[in-house]
Amino acid sequence: KRQNDFCVTEEIRTQEISSIVSQISSIKEIREFLVKEQRKIGETGGLVAEGRDIGTTVFPDAELKIFLTASIDERARRRKSELEMKGSKKIDFKQLRELMSKRDYEDSNRTISPLKKANDSIELITDGFSINEVVEKIINVEKPIAVHREVKQQTSDDLLVFSVFFSFFGIELSVLAVTGVILVMI
């Protein structure tokens, strides 16, 4: 993620930002602006996107929506590991879990673009799976999309098709990009 030619990926992934993002994203004018900008990015297709309202608000007509989820304990473990890999000192698991639960509640109960699973999405519960196992599950999603099957065959060993940041694993992962594929992660 770049802003004015400056990579802001690390800055927007800090715990400080995570703790206020629900409040900011519930402001109507901000949501409207961001949805409009996200839709512009997706106009040409070939997009893999992630976000808490991607499949319900931003791209409700996507060909394929995958709702990636895990238990709060699993996500807190992953986030703690991610923060520790980045050099954060002494992270309290219980406090981190509480903050994540609070954000889940706020995002699920906000009036504007709440976090919810789209009715036509495929839910993948990722507890106990490695990142490679989750990628394999995504690749093997059975959906009648010809381009999906074609990409799947071409990428079984080399997944360098499109890059998405999987925050719940804390590393950048390459996954297949299919027109209209939407990954919704909590």
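Numbering of residues begins at 1 and proceeds along the displayed sequence.
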Requested in this report: Can you measure from CZ (Arg103) to CG (Leu115) and round to the nearest 0.5 angstrom?
Outcome: 9.0 Å
Query - Electrostatic pair Arg78:Glu82 at N-O distance under 4.0 angstrom - result: no
Report task. List in chain and number order the residues that pass side-chain contact (heavy atoms from CB on, under 4.5 Å) with Ile72, two or more places apart in sequence or in another chain; answer none if no residue qualifies. Result -> Arg75, Arg97, Met100, Ser101, Asp104
Report task. Start with the C-alpha distance between Val141 and Leu64, add both sets of side-chain angles, then the distance that settles side chain to side chain contact (heavy atoms under 4.5 Å, CB included), and finish with yes or no. Result -> CA-CA 9 Å; Val141 165; Leu64 177 62; 4.1 Å; yes
Report task. With sequence neighbours excluded, tell me which residues meet side chain to side chain donor-acceptor pair (under 3.5 Å) with Glu37. Result -> Lys40
Query - Partner residues of Lys89 under the salt bridge (Lys or Arg N to Asp or Glu O under 4.0 Å) criterion, sequence neighbours left out - result: none
Query raised in the report: How far does OG1 of Thr57 sit from CD of Glu32, to the nearest 0.5 angstrom?
Result: 11.5 Å
Query - Heavy-atom closest pair, residues Ile27 and Ile112 - result: C-CD1, 4.3 Å
Query raised in the report: After noting the C-alpha distance and the side-chain angles of Val134 and Leu124, does the key distance pass the side chain to side chain contact (heavy atoms under 4.5 Å, CB included) rule?
Result: CA-CA 8 Å; Val134 173; Leu124 295 179; 5.6 Å; no
**Report entry** Counterpart residues, salt bridge (Lys or Arg N to Asp or Glu O under 4.0 Å), relative to Glu106 (two or more places apart)
**Finding:** Lys102
Query raised in the report: Can you tell me how far CD1 of Ile66 sits from CD of Glu50, rounded to the nearest 0.5 angstrom?
Result: 13.0 Å
Requested in this report: Might you point out which heavy atoms bring Ala118 and Gly55 nearest each other, and give the distance in Å?
Outcome: CB-O, 3.8 Å
**Report entry** Phe93 atom CZ, over 12 foreign heavy atoms within 6.0 Å
**Finding:** yes
**Report entry** Partners meeting salt bridge (Lys or Arg N to Asp or Glu O under 4.0 Å) with Glu133 (sequence neighbours left out)
**Finding:** none
Report task. Please identify each residue that fulfils side chain to side chain donor-acceptor pair (under 3.5 Å) with Arg110, with sequence neighbours left out. Result -> Ser25, Asp107
Requested in this report: Check whether any side-chain N or O of Ser26 sits under 3.5 Å from a backbone N or O of Gln23 as a donor-acceptor pair, and report yes or no.
Outcome: yes
Report task. Give a yes or no on whether the backbone of Ser113 and the side-chain of Arg31 come within a donor-acceptor separation of less than 3.5 Å. Result -> no
Query - Residues forming a side-chain contact (heavy atoms from CB on, under 4.5 Å) with Asn109, sequence neighbours excluded - result: Tyr105
Query raised in the report: Between the main-chain N or O of Ile125 and the side-chain N or O of Thr69, is there a donor-acceptor pair closer than 3.5 Å?
Result: no
Report task. Could I get the full list of side chain to side chain donor-acceptor pair (under 3.5 Å) partners for Gln95, not counting sequence neighbours? Result -> none
Query - Qualifying residues under side-chain contact (heavy atoms from CB on, under 4.5 Å), relative to Ile91, sequence neighbours excluded - result: Lys80, Leu83, Glu84, Ser88, Leu96
Query raised in the report: Nearest heavy-atom pair of Ile54 and Ala49: which atoms, and what distance?
Result: CG2-CB, 4.0 Å
Report task. Determine whether Leu99 and Ile20 fall in the same hydrophobic cluster, where Ile, Leu, Val, Met, Phe, Trp and Tyr are linked whenever their side-chain heavy atoms lie under 4.5 Å apart. Result -> no
Query - Heavy-atom closest contact (Ala70 atom, Thr126 atom, distance) - result: CB-OG1, 3.4 Å
Report task. Determine, step by step, whether Asn132 and Glu136 satisfy the side-chain hydrogen bond (donor to acceptor under 3.5 Å, both in side chains) criterion, reporting the C-alpha distance in whole Å, the side-chain angles of both residues, the deciding distance to 0.1 Å, and the verdict. Result -> CA-CA 6 Å; Asn132 290 333; Glu136 193 61 34; over 6 Å; no
**Report entry** Pairing residues for Ser71 by the side-chain contact (heavy atoms from CB on, under 4.5 Å) criterion, not counting sequence neighbours
**Finding:** Asp73, Glu74, Asp127
Report task. Flag the pair Lys65 / Ile122 as yes when at least one side-chain heavy-atom distance between them is below 4.5 Å, and no otherwise. Result -> no
Report summary line: Rounded to the nearest 0.5 Å, the OG1 atom of Thr56 sits from the CZ atom of Phe67 at a distance of 9.0 Å
Query raised in the report: Which heavy atom of Asp53 sits nearest a heavy atom of Pro114, and at what distance?
Result: CB-O, 4.3 Å
Query raised in the report: Are Ile24 and Val21 co-members of a hydrophobic cluster defined by side-chain heavy atoms under 4.5 Å apart?
Result: no
Query raised in the report: Within a radius of less than 6.0 Å around CG of Asn119, do more than 12 heavy atoms belonging to other residues, nucleotides or ligands occur?
Result: no
Query raised in the report: side chain to side chain donor-acceptor pair (under 3.5 Å) with Lys137: which residues, sequence neighbours excluded?
Result: none
Report summary line: Sequence neighbours excluded, the answer for salt bridge (Lys or Arg N to Asp or Glu O under 4.0 Å) partners of Glu98 is none
